[in-house]
Amino acid sequence: MLLRTRRPPPADFIPPCLPSSAERPPSGPGWIHEIKHDGFRLMVRQDAAGVRLLTRNGHDWSERFPLIAEAAGALKVRSFLIDGEAVACDGAGMPSFDRLRYRRGDGSVFLFAFDLIELNGQDLRREPLEVRKRELGKLLRWAAQTGLQFNDHIAEPGEVVFRHACKLGFEGIVSKRLGSRYRSGHSRDWIKSKNPAAPAVKREAEEDWGRR
């Protein structure tokens, strides 16, 4: 029997920053909060080699999500690396993990972009979070963003944002420390608080999705 082996991540692959879990979001003025969407984590890179969509483990899914790849290729810059979440929405406009999992419409999957790691050859990982977010917003502002959407933050108290996110049926929120650098692997500068009623919570209790 022929065994298939997965290709190793490309040499220039930067593993994503992973949030640490908490039952409640952090409080205080030193944090901003983003909606956590139920999807696949993707690192979107454009450089001289073209556009690549890489999973959190470095697997190339560029052909799977053409809408994201097309939008990335249309950005008028020399190079970039964007961190985000690939999302498929249901008829009500809510993220649907099943549509991603069972590939019901790969061509309509788009990216909620929430961080910018590199731009035009400049490594931004040492820049504060708010600088990276500002540059990402500027990068995405002037292009047709059907496939790339800016995942904006909310500066209200974390408990308030989390309560409203749960009420609206989202997976939860990710709270990020102002002034923090981008670090690969698990970080206490990013804190995820999950909606206990969200389908993702039950799913992750039953399955190991960390291997994708």
Side-chain angles (χ1 to χ4, degrees), residues 9 13-45 53-59 81-87 94-95 97 100 110-118 124-137 148-212:
F13 176 65
I14 296 176
C17 180
L18 303 176
S20 300
S21 298
E23 291 187 3
R24 296 179 178 276
S27 59
W31 297 84
I32 59 174
H33 313 279
E34 301 171 358
I35 296 296
K36 189 178 191 308
H37 300 282
D38 195 2
F40 284 152
R41 188 74 173 272
L42 278 187
M43 311 291 279
V44 180
R45 179 182 287 280
L53 313 183
L54 303 173
T55 71
R56 60 184 289 177
N57 292 324
H59 306 307
L81 178 58
I82 292 174
D83 190 358
E85 193 86 359
V87 172
M94 290 294 292
F97 188 81
L100 278 175
F110 64 94
L111 188 87
F112 273 119
F114 49 70
D115 214 320
L116 183 62
I117 301 171
E118 184 266 325
L124 301 178
R125 284 177 289 178
R126 297 177 65 86
E127 296 292 336
L129 168 67
E130 49 269 42
V131 172
R132 303 194 311 270
K133 293 280 289 186
R134 183 178 68 242
E135 292 303 312
L136 177 61
L148 293 173
Q149 298 186 23
F150 182 56
N151 195 39
D152 209 348
H153 63 272
I154 306 168
E156 297 295 327
E159 287 285 355
V160 174
V161 180
F162 182 61
R163 185 167 62 249
H164 282 282
C166 292
K167 186 181 297 184
L168 291 171
F170 289 110
E171 184 183 350
I173 66 173
V174 177
S175 305
K176 298 180 178 180
R177 193 189 306 274
L178 291 171
S180 60
R181 298 176 178 180
Y182 190 97
R183 295 181 176 88
S184 297
H186 285 281
S187 172
R188 294 297 301 174
D189 291 328
W190 291 18
I191 305 294
K192 63 180 177 183
S193 307
K194 289 200 170 185
N195 174 7
V201 174
K202 180 180 180 181
R203 184 181 70 245
E204 290 176 0
E206 298 172 346
E207 304 172 352
D208 179 16
W209 283 98
R211 291 175 294 179
R212 68 171 179 267

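None of the values given here were measured: they were computed from a predicted structure.
Residues G172 and A165 share a closest heavy-atom pair of O-CB, 4.0 Å. Closest non-hydrogen pair, M43 versus I14, comes out as CE-O, 3.4 Å. When all heavy atoms of A86 and L42 are compared, the pair lying nearest together is CB-CD1, 3.7 Å. Scanning both residues, N151 and I35, for their nearest heavy atoms gives ND2-O, 3.4 Å.
Considering only heavy atoms from C-beta on, K133 comes within 4.5 Å of E34 through its side chain. Looking at W31 and V161, their side chains never come closer than 4.5 Å, going by heavy atoms from C-beta outward.
A donor-acceptor contact shorter than 3.5 Å links the side chain of Y182 to the backbone of C17. Panel note: side chain E130, backbone G179; a donor-acceptor pair is recorded below 3.5 Å.
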Mind running side chain to side chain contact (heavy atoms under 4.5 Å, CB included) on V87 and Q149 for me, showing each step along the way?
CA-CA 10 Å; V87 172; Q149 298 186 23; over 6 Å; no

Under the criterion side chain to side chain contact (heavy atoms under 4.5 Å, CB included), I'd like the reasoning laid out for E159 against R24: C-alpha separation, chi angles, the key distance, then a yes or no.
CA-CA 7 Å; E159 287 285 355; R24 296 179 178 276; 3.4 Å; yes

Carefully, step by step, assess R132 and E127 under the rule salt bridge (charged side-chain N to carboxylate O under 4.0 Å, His left out).
CA-CA 7 Å; R132 303 194 311 270; E127 296 292 336; over 6 Å; no

Let's go through L81 and L124 carefully: what are the C-alpha distance in whole Å and the side-chain angles of both, what is the deciding distance for side chain to side chain contact (heavy atoms under 4.5 Å, CB included) to 0.1 Å, and is it a yes or a no?
CA-CA 10 Å; L81 178 58; L124 301 178; over 6 Å; no

Full working for side chain to side chain contact (heavy atoms under 4.5 Å, CB included) between F114 and K176:
CA-CA 11 Å; F114 49 70; K176 298 180 178 180; 3.5 Å; yes

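For residues 152-179, the ring pair (Phe, Tyr, Trp, His ring centres under 6.0 Å) pairs, not counting sequence neighbours, are H37-F170.
Using a 4.0 Å cut-off between a side-chain N of Lys or Arg and a carboxylate O of Asp or Glu, D83 and R41 qualify as a salt bridge.
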